[in-house]
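Below: one structure, written as structure tokens.
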Amino acid sequence: VKIMKPLCTGTPGVGKTTLGKELAQRTGLSYVNVGELAQEGELFDGFDEEYQCPILDEDRVVDELDDKMKEGGVIVDYHGCDFFPERWFHIVFVLRTDNSHLYSRLESRGYTGKKLQDNVQCEIFQTIYEEAMEAYKEEIVHQLPSNEPEDLERNLEQIVQWTEQWMKDNN
């Protein structure tokens, strides 16, 4: 049985983790937050002084996840997407948030100065969406609005429907 493998991506603060965890509960798929996986396995390659955060060792993350991704049934959540092997995902969801919402969400997480500005600009310039469009087939990349609680519910319902349809079409 082939099991769907979705990627949830987008700028920090758009709601990937909330969506991913809830989606896992509703679909029975497992959920992997790449940031948490990297912390647990210490999958880092140095420290970024400018942003005051560890630098992800992308090769080690791919090695760590590869077996799990071959089996399928995994929702992957990360704010980057162009280093994952294309074969890993059947569908890519890029969450999008209006700047006013995003700004306050990031501020409440303690983001300040350059880190705050750069992440808001990243969303304004659709950086993650463009990264996804270059890294994956256009027809599997979907933008989802993520501003209000109602958006979360709508997105979940839509993704659950897509997942069920994909399972029917591919098994």
Side-chain angles (χ1 to χ4, degrees), residues 2-20 23-24 27 29-38 43-46 48 50-51 53-99 101-103 105-106 111 114-147 151-152 154-156 158-159 161-163 165-166 169-170:
K2 284 173 90 182
I3 305 172
M4 189 172 177
K5 299 180 278 192
L7 170 65
C8 282
T9 191
T11 308
V14 295
K16 300 177 297 294
T17 302
T18 305
L19 181 82
L23 187 60
T27 60
L29 300 174
S30 63
Y31 166 79
V32 174
N33 178 312
V34 171
E36 289 171 11
L37 177 85
L43 307 175
F44 299 116
D45 186 20
D48 186 321
E50 190 178 19
Y51 291 106
C53 64
I55 299 165
L56 191 72
D57 186 331
E58 297 175 347
D59 292 338
R60 286 177 60 207
V61 167
V62 169
D63 290 345
E64 184 75 23
L65 275 174
D66 203 40
D67 287 344
K68 199 175 254 187
M69 294 309 294
K70 282 180 186 138
E71 292 164 26
V74 181
I75 301 160
V76 175
D77 157 1
Y78 194 59
H79 58 256
C81 63
D82 60 353
F83 67 92
F84 298 121
E86 189 180 353
R87 69 178 186 277
W88 274 12
F89 303 109
H90 299 118
I91 196 159
V92 177
F93 300 109
V94 182
L95 273 62
R96 303 299 310 276
T97 298
D98 293 339
N99 305 332
H101 289 77
L102 186 63
Y103 193 91
R105 287 181 197 174
L106 292 175
Y111 283 42
K114 183 171 174 50
K115 190 174 185 176
L116 177 60
Q117 295 302 331
D118 286 358
N119 277 292
V120 170
Q121 279 189 328
C122 180
E123 185 63 8
I124 292 169
F125 295 129
Q126 303 188 48
T127 307
I128 308 293
Y129 176 65
E130 287 178 7
E131 192 179 286
M133 291 294 278
E134 286 172 24
Y136 304 97
K137 291 189 189 103
E138 232 171 90
E139 62 268 18
I140 74 162
V141 178
H142 302 274
Q143 294 189 79
L144 299 174
S146 181
N147 296 301
D151 291 333
L152 175 64
R154 243 191 325 270
N155 291 338
L156 284 162
Q158 193 173 22
I159 294 170
Q161 281 182 328
W162 272 332
T163 305
Q165 190 59 52
W166 189 93
D169 295 346
N170 290 279

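Atom set for the values below is all heavy atoms of this structure, side chains included, hydrogens, waters and symmetry mates excluded.
What you find for Ser146 and Gly15 is that their closest heavy atoms are OG-CA, 4.3 Å. Between Pro145 and Asn155, the closest heavy-atom pair is O-ND2, 2.8 Å. When all heavy atoms are compared, the tightest approach of Pro54 to Phe44 is CB-CD2, 3.4 Å. Annotation for Leu106 and Pro12: closest pair CD2-O, 3.3 Å, computed over non-hydrogen atoms. The nearest pair of heavy atoms linking Leu56 to Ala38 is CD1-CB, 3.4 Å. In terms of heavy atoms, Leu23 sits closest to Leu156 at N-CD2, 3.6 Å.
At most 12 non-hydrogen atoms from other residues, nucleotides or ligands lie less than 6.0 angstrom from NZ of Lys68. For CD of Glu139, the number of neighbouring non-hydrogen atoms (other residues, nucleotides, ligands) closer than 6.0 Å is greater than 12.
Here the OH atom belonging to Tyr31 is positioned 8.0 Å from the SG atom belonging to Cys8, to the nearest 0.5 angstrom. Remark: Leu19 CG to Leu152 CG distance equals 6.0 Å, nearest 0.5 Å. Here the CZ atom belonging to Phe89 is positioned 8.5 Å from the NZ atom belonging to Lys5, to the nearest 0.5 angstrom. Taking OG1 of Thr17 as the reference point, atom CG of Asp77 lies at 4.0 Å (rounded to 0.5 Å). Put simply, CD on Glu58 and CG on Leu43 are 11.5 Å apart, with the number rounded to the nearest 0.5 Å. The OG1 atom of Thr97 lies 10.5 Å from the CG atom of Leu144; values are rounded to the nearest 0.5 Å.
Residues Val74 and Trp88 form no side-chain contact, since every pair of their non-hydrogen atoms from C-beta on lies 4.5 Å or further apart. Contact check for Tyr103 versus Gln117: side-chain heavy atoms found under the 4.5 Å cut-off. Side-chain contact check for Thr163 versus Pro6: every heavy-atom pair is 4.5 Å or farther apart. Contact annotation: the side chain of Val92 never approaches that of Cys81 to less than 4.5 Å [non-hydrogen atoms, C-beta and beyond]. Between Ile128 and Val14, every side-chain heavy-atom pair lies at or beyond the 4.5 Å cut-off.
Panel note: side chain His142, backbone Phe93; no donor-acceptor pair is recorded below 3.5 Å. The backbone N or O of Ile3 sits nowhere less than 3.5 Å from a side-chain atom of Asn170 that would complete a donor-acceptor pair. Between the side chain of Lys16 and the backbone N or O of Gly10 there is at least one donor-acceptor pair closer than 3.5 Å.
Tyr78 and Phe84 have perpendicular rings, their planes meeting at more than 60° on a 0 to 90° scale where under 30° would count as parallel.
Using a cutoff of 4.0 Å between basic side-chain nitrogens and carboxylate oxygens, Asp151 and Arg154 are scored as salt-bridged. A salt bridge is absent between Asp169 and Lys2; no separation between the charged side-chain nitrogens and carboxylate oxygens falls under 4.0 Å.
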Would you please test Arg87 and Met69 for side chain to side chain contact (heavy atoms under 4.5 Å, CB included) and show each step?
CA-CA 9 Å; Arg87 69 178 186 277; Met69 294 309 294; over 6 Å; no

Is there a side chain to side chain contact (heavy atoms under 4.5 Å, CB included) between Asp67 and Lys70? Walk through the geometry before answering.
CA-CA 5 Å; Asp67 287 344; Lys70 282 180 186 138; 4.1 Å; yes

Do Val141 and Tyr129 pass the side chain to side chain contact (heavy atoms under 4.5 Å, CB included) test, and can you show the C-alpha distance, the side-chain angles, and the key distance before you say yes or no?
CA-CA 8 Å; Val141 178; Tyr129 176 65; 3.9 Å; yes

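Here salt bridge (charged side-chain N to carboxylate O under 4.0 Å, His left out) pairs that include residues 123-136, with residues two or more places apart or in two chains, are Arg96-Glu123.
Judged purely by distance below 3.5 Å, without hydrogens or angles, the side chains of Thr11 and Asn119 never pair a donor atom with an acceptor atom.
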